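As structure tokens, the structure follows; a few thoughts come after it.
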Amino acid sequence: MENENKVSYAEVVVDVPATPTDRPFDYRIPTTLQDAVQVGSRVQVPFGSQRRIGYVTRIKSNCDFSRVRSIIQVMDVMPPLTEELVELGDWIADEYMCHRISALQAMVPAVLRGKYQKLVSLTENAQAADFSASPSLYTRLKKSSLDWEEVCKLPDVRLSWLREWVQQGKIQIEMKIHDRVTEKKVRYVSAIEPSQLLQIISTLPERNKKQRQILQFFIDKPEPIPLKQLLIEVNTTRSTITKCVEENWLFWEERQENRNPYANVEILQTKPLLLTKEQQLVYSQIERNLFTPHSETILLHGVTGSGKTELYLQAIAKVLDKQQEAIVLVPEISLTPQMVERFKGRFGDQVAVLHSGLSHGEKYDEWRKIREGHCSVAIGARSAIFAPFTRLGLIIIDEEHESSYKQEDHPKYHARAVAQWRAKHHGATLLLGSATPAMESYYQAENGEYRLLELSERVQGRPFPAIELVDMRNELRQGNRSMFSKSLQRELQRCIERGEQAVLFLNRRGFSTFVMCRACGETIDCPHCEITLTYHRTNDTLRCHYCGYATQLPSTCPKCESPHIRHFGTGTQRVEEELLRHFPQWRIIRMDVDTTTRKGSHQKLLGAFGRHEADILLGTQMIAKGLDFPLVTLVGVITADTMLHLPDFRSAERTFQLLTQVSGRAGRHQQPGKVVIQSYSLDHYSIRRVADQNWSEFYKEEYDTRKKLLYPPFCGLVQLLFTHPDQIKLLQITGQIAGELRSALGQQIQILGPVPAMIPRIKDRYRIQILLKFPEEVELIGQIKKKLREIQERSNDKHLRIIIDRDGHFHIPEKLYI
DNA sequence: GAAGCTCACGTT
DNA sequence: ACGTGAGCTTCC
């Protein structure tokens with residue numbers, strides 16, 4: 001090769017999310033790693049006095065830096081990131097103002113995010129006498145090496161002493177990079193030549209029956225077999241096999257195996273269904289789009305039950321025909337096993353499934369199938385948008401209005417925006433599907449930015465369910481103080497008497513299991529985060545939802561010392577209790593955070609309900625999505641209003657979407673469905689329109705409201721969140737920033753705040769927010785970002801963190817609600 | 001993010 | 001003169 005002795009260099013973005021390190025560093029690529037290092041590779045590099053993980057973002061043949069060091073190691077056989085994803089990382093970092101490394105980390109499976117461990121150990125020339133000042137350290141290190149953190153915690157240890165001992169060569173400090181990548185190993189058993197086995201059998205005494213049987217097994221089938229399977233087939237125990245291994249007749253063999261979470265699930269192959277006339281019309285439009293070289297976004301607005309999924313499946317089949325790949329995003333996929341089954345049923349092993357119910361290892365294996373080109377369809381929740389495909393032809397976002405497509409923590413990307421970028425990059429089609437599109441999506445469609453396709457008929461002419469609104473104020477007036485209206489009770493009874501099933505839906509606000517003193521009303525908050533602690537029944541502890549702080553449940557109130565301190569059970573629990581009081585004979589399955597934390601418990605509970613092992617499924621938001629059970633003919637909503645009054649400009653839209661979705665769960669098959677919605681706000685258009693099942697009327701009313709109050713899509717809305725460990729300093733800085741923004745951009749931008757963020761402190765960092773509202777036609781984001789970068793640089797306060805939230809999916813504090 | 005440096009302050 | 005902790009720079 002010509003460039004054999006030519007040195008090349010790599011630009012590496014190092015795993016340190018801080019402003020001064022938010023740029024590539026140059027490293028020499030050792031000749032031995034020449035082939036292995038590529039753009040997107042995950043590498044280990046020396047960084048100062050430490051070792052760190054980083055990603056290669058560029059490869060070049062020269063380097064200006066005089067003291068370059070070399071890459072130590074490449075960590076994966078295949079680079080985890082493609083060149084496209086590295087480029088996408090730049091876009092995300094810029095768009096959401098985050099460090100480049102954070103953007104890159106967001107795109108890879110969790111196991112690839114390295115864990116660092118600092119280990120302290122004694123060297124050979126360490127003597128007990130050297131540690132006369134800290135005998136405890138010596139005795140403990142004598143036994144084994146210790147974690148740095150633990151060493152620092154020892155009472156008789158000083159940092160400076162440690163430093164000195166390192167210099168004297170008495171102790172050593174190692175940085176271990178734990179690669180959390182684990183590949184599942186399966187133990188196989190193999191055997192020596194059959195002819196030799198035959199010989200051995202002939203020498204074995206008659207009474208070694210099992211051993212003879214095992215050897216005979218390998219004579220018949222000489223190929224290696226998983227140990228587990230062998231034990232079953234010859235009906236023996238592990239120790240008998242071990243014996244044979246010790247005799248050198250058989251051998252252990254470790255084989256790497258992909259975990260397959262769906263290995264034990266039998267999935268029936270399905271054939272494309274015949275499309276209705278309306279579906280056919282829509283499909284031909286989508287298909288035409290798949291063959292245009294440039295990217296286009298399609299908004300598919302189809303009523304519940306109009307057969308959107310079948311269209312997705314057929315569009316994907318077309319894409320696969322063209323040797324291209326497809327991503328399907330669904331909200332919270334673990335909750336919709338039926339959906340996965342449909343995809344697996346149509347495309348079999350070509351489908352990789354990435355959902356939150358999988359372990360980190362399982363997720364990694366699914367992801368690798370994509371990276372290594374063994375799969376062409378990825379189906380998953382939000383983060384599946386980063387599936388490392390190289391020939392993307394189609395991206396589908398089902399239920400595109402769902403808020404779960406917005407990443408809650410930094411970088412706060414919206415999967416829809418990322419999808420748009422990727423679709424454009426590949427010239428692929430982006431298909432957004434929903435029965436209740438997001439306001440901004442529909443607005444884009446009306447403006448001709450998206451192509452709008454509509455499905456207004458249900459397949460097989462199934463009727464829409466009948467929706468009954470119940471005014472709960474009336475119930476109270478009539479002396480019914482239960483949480484079940486007369487009407488809902490009656491419907492439940494009828495439904496169950498008919499041998500059908502019901503779903504009860506409790507729309508709950510916030511975190512429900514908290515502790516309160518009944519005497520003085522005191523609640524117990526996290527000392528670092530100013531958020532109410534959540535009660536955990538399992539070990540009687542209180543935990544912080546944000547930082548993990550845990551404490552024992554006190555027996556008396558810390559404020560007034562009253563013993564009447566109680567935790568308030570989850571809403572669903574109370575509903576269940578009341579139901580059982582009225583109707584003790586009903587079988588109820590309750591689904592909420594308490595009953596579904598264990599892996600696979602979702603499927604278990606849903607499975608049981610599907611087999612009609614219960615009459616009623618009772619749950620929160622989580623049961624709203626994608627359930628499809630033929631026997632369900634009744635859906636009840638206990639209180640429709642809880643969501644309506646959240647301080648969020650989207651609350652009306654969210655309520656409508658949620659209620660529509662829940663209603664869609666009733667009567668999807670032969671029996672007609674019935675929906676009972678209980679509410680205290682019957683006059684609100686969002687609840688009215690659900691009952692009418694009139695989306696376009698809702699859209700009009702919401703459109704007018706947004707326009708009048710100036711909210712998206714009629715304005716740009718950006719939330720700036722500033723965090724700092726020092727409250728006073730943060731107040732000063734944010735005040736200054738607001739002033740500066742006002743004088744620089746105040747003409748065009750409305751600046752609201754600064755005010756304390758919804759959670760004013762998390763992990764000992766105070767949080768203040770400023771909201772920016774501006775006319776949508778002006779592209780001001782660029783100017784805002786420029787100004788912020790300027791401020792951050794000038795303030796020179798490395799404790800100050802600025803987080804920008806661009807897609808308007810955040811709560812607006814009541815103070816700012818206009 | 002964290003090691004390693006400088007610098008100011010306090011101790012012997 | 002030296003130990004100690006706090007702030008600041010640097011990392012290729």
Side-chain angles (χ1 to χ4, degrees), chain A residues 7-30 33 37 39 41-74 86 93 98-106 113-120 132-134 147-169 171-178 409-411 547 723-726 728-729 733 763-765 792-803:
Chain A
V7 195
S8 51
Y9 301 89
E11 289 187 358
V12 174
V13 172
V14 151
D15 179 19
V16 179
T19 319
T21 49
D22 189 25
R23 63 186 177 85
F25 287 82
D26 292 346
Y27 288 90
R28 195 197 325 274
I29 304 173
L33 299 178
V37 176
V39 169
S41 290
R42 193 168 60 117
V43 292
Q44 241 181 75
V45 289
F47 194 64
S49 56
Q50 342 170 34
R51 253 180 202 205
R52 293 243 138 196
I53 289 176
Y55 284 92
V56 175
T57 53
R58 203 161 91 90
I59 290 187
K60 54 191 184 182
S61 54
N62 60 318
C63 156
D64 307 330
F65 195 76
S66 59
R67 299 193 316 276
V68 260
R69 300 167 79 182
S70 293
I71 290 176
I72 297 168
Q73 208 198 128
V74 181
V86 170
C98 72
H99 300 123
R100 223 169 152 197
I101 189 66
S102 312
L104 297 177
Q105 302 266 40
R113 279 165 238 158
K115 277 269 185 300
Y116 298 90
Q117 198 188 14
K118 238 168 118 180
L119 281 179
V120 182
S132 53
S134 1
D147 219 67
W148 173 263
E149 303 274 305
E150 248 180 277
V151 170
C152 290
K153 269 189 219 146
L154 292 175
D156 53 357
V157 166
R158 286 287 126 73
L159 207 73
S160 54
W161 300 348
L162 289 171
R163 217 173 278 154
E164 202 172 313
W165 291 328
V166 171
Q167 265 174 6
Q168 292 167 356
I171 60 173
Q172 55 193 6
I173 295 175
E174 282 175 285
M175 271 291 250
K176 278 225 166 150
I177 296 179
H178 258 304
D409 35 62
H410 203 51
C547 73
T723 78
H724 198 288
D726 186 330
I728 312 276
K729 270 198 187 140
I733 296 170
K763 290 192 197 174
D764 286 322
R765 298 182 68 88
Q792 190 154 39
E793 211 164 297
R794 191 152 30 83
S795 88
N796 201 24
D797 186 337
K798 70 169 191 175
H799 297 300
L800 176 70
R801 243 175 255 166
I802 305 177
I803 295 165

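Just so you know, these numbers use all the heavy atoms, side chains as well, and skip hydrogens, waters and symmetry mates. All figures in this text were calculated on a predicted structure; none of them were measured in a lab. Numbers restart at 1 for each chain; the letters A, B, ... are given by sequence-line order, proteins then strands.
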Students often get this wrong, so: under 4.0 angstrom with heavy atoms, is Val68(A) touching a base, only sugar-phosphate, or nothing?
sugar-phosphate
With rounding to the nearest 0.5 Å, note down the distance linking CG in Asp797(A) to NZ in Lys729(A).
6.0 Å
Rounding to a whole Å, what distance do you find between Asp15(A):CG and dA2(B):P?
10 Å
Which pairs, protein N/O on one side and nucleotides 3-7 of chain C N/O on the other, fall under 3.5 Å?
unit_1, atom_1, unit_2, atom_2, d
dT4(C), OP2, Ser160(A), OG, 3.0

For a quick test of reading the model: is some side-chain N or O of Arg69(A) closer than 4.0 Å to OP1 or OP2 of dC12(C)?
yes
Arg52(A) CZ to dT10(C) C1', straight-line distance once rounded to whole Å:
14 Å
Do the non-hydrogen side-chain atoms of Pro725(A) and Asp764(A) ever get within less than 4.5 Å of each other?
no
Between dC8(C) (C1') and His799(A) (NE2): distance, integer Å:
11 Å
Output yes when at least one side-chain N/O atom of Arg23(A) is less than 4.0 Å from OP1 or OP2 of dC12(C), else no.
no
Answer with base, sugar-phosphate or nothing: what part of the nucleic acid does Phe65(A) contact at a heavy-atom distance below 4.0 Å?
base
Classify the nucleic acid contact of Pro46(A) as base, sugar-phosphate or nothing, counting any heavy atom under 4.0 Å across all strands shown.
sugar-phosphate
From CD1 of Ile29(A) across to P of dC12(C) the rounded distance in Å is 17 Å
How many angstroms lie between atom CD of Gln105(A) and atom CZ of Arg42(A), to the nearest 0.5 angstrom?
9.0 Å
Determine, stepwise, if the pair Arg28(A) / Val7(A) fulfils side chain to side chain contact (heavy atoms under 4.5 Å, CB included).
CA-CA 7 Å; Arg28(A) 195 197 325 274; Val7(A) 195; 3.5 Å; yes
So, taking the atom named CG in Asp15(A) and the one named CD in Gln44(A), what distance separates them when rounded to the nearest 0.5 Å?
11.0 Å
Review item, nucleotides 3-5 of chain B N/O atoms under 3.5 Å of protein N/O:
unit_1, atom_1, unit_2, atom_2, d
dA3(B), OP1, Lys118(A), NZ, 2.6
dA3(B), OP2, Lys118(A), NZ, 3.2
dA3(B), O4', Ser49(A), OG, 3.4
dA3(B), O3', Ser49(A), OG, 2.7

In short, Pro46(A) meets Tyr27(A) closest at the heavy-atom pair O-OH, 2.7 Å
With a centroid cutoff of 5.5 Å and a plane-angle limit of 30°, would you call Phe25(A) stacked on dC12(C)?
no
Using whole Å, report how far CD1 of Ile53(A) lies from C1' of dG1(B).
14 Å
Could you check how far CG of Asn62(A) sits from C1' of dC12(C), rounded to whole Å?
14 Å
Please report the interatomic distance NE2(His724(A)) to CD1(Ile802(A)), rounded to the nearest 0.5 Å.
11.0 Å
Passing option when Val14(A) is tested against Val43(A), Val45(A), Asp22(A) for side chain to side chain contact (heavy atoms under 4.5 Å, CB included):
Val45(A)
Could you state the atom-to-atom distance from CZ of Arg51(A) to P of dA2(B) in whole Å?
17 Å
In whole angstrom, what separates Asp797(A)'s CG from dC8(C)'s C1'?
13 Å
Residue pair His99(A), Val13(A): steps toward the side chain to side chain contact (heavy atoms under 4.5 Å, CB included) verdict:
CA-CA 10 Å; His99(A) 300 123; Val13(A) 172; over 6 Å; no
